[in-house]
Q: 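Sharing a structure with you now.
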Amino acid sequence: MAAEQTFMDKLTALCKRRGFIYQSSEIYGGIGGFWDYGPLGVELKRNIKNQWWRDMVTNPPRGPDGRDVEMVGVDCAIIMNPKVWEASGHATGFADPMVDCRKCKGRFRLDQVFRIEVRRPGAAEPFAVFSMQGDGTHSALEAATGRATKLSKKHGGGEYALAATSFKDVLAADPRVDVLACPTCDEPGTLTEPRQFNLMFQTYVGALQDASSIAYLRPETAQGIFANFKNVLDTTRVKVPFGIAQIGKSFRNEINPRNYTFRSREFEQMEIEFFCSEASSMEWYEFWRKTRYDWYVNLGLRSEKLRLRDQTREELAHYSKACADIEYLFPFSDEFQELEGVAHRGNFDLTQHAQFSGKDLSYFDDEAWERDKEQYPDPEQARRAKNAPPYRYLPTVVEPSAGADRATLAFLCEAYTEDTAPDEKGVLQTRVVLKFHPQLAPVKVAFFPLVNKEGMPEIAEALYRETRRYMTAFFDDKGAIGRRYRRQDEVGTPYCVTVDGDTLRDGSVTIRERDTLAQVRVKKEGVVAWLRERLGQ
RNA sequence: GCGGGUGUAGCUCAGUGGUAGAGCGUCACGUUGCCAACGUGAAUGUCGUGGGUUCAAGUCCCAUCACCCGCUCCA
């Protein structure tokens, strides 16, 4: 742990020193869970987002059906009608504190779990106590009857009386939660202390600050996509299967933000909701699972620190058929941490929004109907068939949901390398280098005059001005050449171009490669083309 | 949320209740001939913040904020 801690310390120090990441409002003592990207950090993160958008939206891969994936983008408001969060399930459990079970991972509202006491008529002490879930005392008692009868028989039979007290009331009288049993696991001691879960940031819309004007900052970008599903269907010519993508900020009022930018209260997501038929959904799920994993690998997360983990049945949400996490072993933890989740969500979200909004969010498959309608000669039969699957249905959703800040942090961790390079006297010295994939590097190329005379600076600057029309470039004539190379290594610049004496004689420059330190000579007129070819800019 | 630790220059860190420091970095000038050069000079601090004790607080006390570690948590 000590060595890994040192690694994170070095990385965070580098990120601060070279302008990748700053703590938010640092001059006022900072604020927990919020981070700013500096001049180099914003380039890095933007490159990651742009690459994602290019690879997923504007130039998506070929799907399992042999056709190019159809994908459109949206950019939705952060604040939405609060009913959205009722439909999505994010608002439930707000009114009452909750307890979690450490064993079964269940979460229960205190007013919906009851302590059931079974006692003989007139007896002071119950002969059996257990826990039961219910919407109210009545439903809890009803649910408990079967078990109480069995317990009564076991204890010799005879009449018994039931009493149900909600955990809320029990704990009000006696705050010891460890004597209460989890209604699922049925053993005491597995429940956490009750807590208020209010992880959505709350605000007021309009000048009037009362209950009717409460709104929330979105805790995920996905719901904006679902809420616009019908709009996109009606106004573009997409056909299922297709996806809607969005990059944007989300907010969660995390109890305990930690691990640098990994768990922040304000963060940026890159999400796709991919809509397909139920029949093809597992095929699409497998496709996205692999496509998204490969995306990270292709951009440089090559080590064994990246893995694709299928969630176990117990981890899955009730509506989900399958979910895989793309995880990275960050230096700050012994455990893999989630970068992205690829979830098979069934049609849960569209069902919820159709129900809560009262709007029809079904999709009608024209092509299939045109193909099959001859099979329904009877008009009434045809009308019924037309409005049911496989012609009209709520599409199934596969959701690849990635964290842009987490990806940025993973790429930084993976890129950070210490190796050795010879100094002026040929002695090996430690070198810090960020080995970013060239596509992600904040600065693509730096231009140096070997020395500041004989017209070298002018030539180098002219090349710099020409090149920056196409890519982020940097000009540096300060200090010795070796030092300038090292400065660029430290921020991950893949190429450095040096104008030297030979440039004056034959018009060639040296291009030095970041990872290998190898140098090649290129005619100065060909430098831009040489770089654009290798950087795809 | 609980317990422990830390907070001094851009970074890493010294600093016995009595003048605010070092290395690296940054900037200027000179030098420069391909991998962390050298010389000279310079800038940089409400010692996290707010109270308190004291003749005097970076140092002691209290509170608070931020970060780190361990638990917890991650809807």
Side-chain angles (χ1 to χ4, degrees), chain A residues 1-2 4-6 8-10 12-19 22-35 38 85 88-94 97-100 102 105-109 192-200 219-220 252-260 262-265 267 317 332-335 337-338 341 419-433 448-454 456-457 477-490 496-504 509-514 516-519 521:
Chain A
M1 204 64 200
E4 287 145 350
Q5 188 43 48
T6 306
M8 263 333 266
D9 285 347
K10 285 188 206 166
T12 54
L14 172 67
C15 285
K16 169 78 187 291
R17 181 159 38 87
R18 299 308 306 267
Y22 310 125
Q23 194 183 10
S24 170
S25 33
E26 189 187 291
I27 60 168
Y28 289 100
I31 176 166
F34 297 92
W35 300 90
W85 310 114
S88 70
H90 287 87
T92 54
F94 264 50
M98 323 263 291
V99 286
D100 291 320
R102 297 187 184 91
K105 304 292 176 195
R107 169 161 291 161
F108 310 98
R109 273 173 59 173
T192 60
E193 289 297 315
R195 276 163 306 195
Q196 198 80 40
F197 279 78
N198 197 347
L199 268 57
M200 281 198 288
E220 61 174 38
R252 296 182 195 185
N253 207 350
E254 296 286 353
I255 294 165
N256 192 2
R258 211 171 263 198
N259 291 332
Y260 203 33
F262 182 81
R263 180 170 295 124
S264 306
R265 291 187 165 125
F267 55 99
F332 53 71
S333 173
D334 296 332
E335 291 174 21
Q337 309 280 336
E338 182 184 340
D419 62 10
T420 53
D423 67 11
E424 197 189 16
K425 300 178 187 70
V427 181
L428 288 179
Q429 301 285 349
T430 300
R431 176 180 80 132
V432 173
V433 50
F448 309 144
L450 184 60
V451 288
N452 283 317
K453 57 186 182 187
E454 295 167 25
M456 292 183 203
D477 60 359
K478 298 288 194 301
I481 189 75
R483 171 147 224 67
R484 286 180 251 159
Y485 284 143
R486 295 301 171 84
R487 272 200 285 246
Q488 293 306 312
D489 290 341
E490 208 181 37
C496 293
V497 176
T498 300
V499 170
D500 58 16
D502 287 352
T503 313
L504 307 176
V509 296
T510 62
I511 303 182
R512 177 261 200 189
E513 205 273 330
R514 176 192 69 200
T516 62
L517 309 181
Q519 299 191 349
R521 291 207 74 88

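Residue numbers begin at 1 in each chain, while the letters A, B, ... track the order of the sequences.
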Q: So which nucleotide from A37(B), A28(B), C35(B) ends up closest to the side chain of Ala480(A)?
A: A37(B)
Q: Output all residues satisfying side chain to side chain donor-acceptor pair (under 3.5 Å) with Thr516(A), sequence neighbours left out; order by chain, then residue number.
A: Glu513(A)
Q: Tell me if the aromatic rings of Tyr260(A) and Phe332(A) count as close, with their centers under 6.0 Å from one another.
A: no
Q: When you check the gap from the basic side-chain N to the acidic O, do Arg514(A) and Asp489(A) get nearer than 4.0 Å?
A: no
Q: What residues, two or more places apart in sequence or in another chain, satisfy side chain to side chain donor-acceptor pair (under 3.5 Å) together with Arg484(A)?
A: none
Q: Select base, sugar-phosphate, or nothing to describe what Gly32(A) touches, counting heavy atoms under 4.0 Å on all strands.
A: sugar-phosphate
Q: Could you pull out the protein-nucleic contacts involving nucleotides 1-4 of chain B (nitrogen or oxygen on both sides, under 3.5 Å)?
A:
residue	atom	partner	partner atom	Å
G1(B)	O6	Asn256(A)	ND2	2.6

Q: With respect to the phosphate group of U32(B), does any side-chain polar atom (N or O) of Lys453(A) fall under 4.0 Å of OP1 or OP2?
A: yes
Q: Considering only C67(B), C35(B), C34(B), which nucleotide approaches the side chain of Arg512(A) most closely?
A: C35(B)
Q: For the backbone of Arg487(A) and the side chain of Arg18(A), can you confirm whether one donor and one acceptor N or O come within less than 3.5 Å of each other?
A: yes
Q: Is a donor on one side and an acceptor on the other found under 3.5 Å between the side chain of Arg486(A) and the backbone of Arg431(A)?
A: no
Q: I'd like to know if the side chain of Asn452(A) reaches the main chain of Asp477(A), judged simply by a donor and an acceptor atom lying under 3.5 Å from each other, with no hydrogens or angles considered.
A: yes
Q: With respect to the phosphate group of G25(B), does any side-chain polar atom (N or O) of Arg483(A) fall under 4.0 Å of OP1 or OP2?
A: yes
Q: Just compare A75(B), G33(B), U32(B) and give me whichever is closest to any side-chain atom of Glu454(A).
A: G33(B)
Q: Determine, for nucleotides 10-15 of chain B in 5'-to-3' order, which nucleotides have protein heavy atoms under 4.0 Å from the base (write B), from only the sugar-phosphate (write S), or from neither (write -).
A: SSS---
Q: Is a donor-acceptor pair below 3.5 Å formed from side chain Arg431(A) to base C35(B), judging by atom type as modelled?
A: no
Q: Detail all sub-3.5 Å separations between protein N/O atoms and N/O atoms belonging to nucleotides 43-49 of chain B.
A:
none

Q: If you check the His90(A) side chain, which of A37(B), G33(B), A75(B) turns out closest?
A: A75(B)
Q: Map Gln519(A) and Ile31(A) onto RNA chain B by nearest heavy atom, then report which one ends up closer to the 5' terminus.
A: Gln519(A)
Q: For RNA chain B, produce a single dot-bracket line, 5' to 3'. Pairs: Watson-Crick or G-U wobble, both distances under 3.5 Å. Symbols: ( ) within strand, [ ] crossing, | other strand, . unpaired.
A: (((((((..((((....[..)))).(((((.......))))).....(((((..]....))))))))))))....
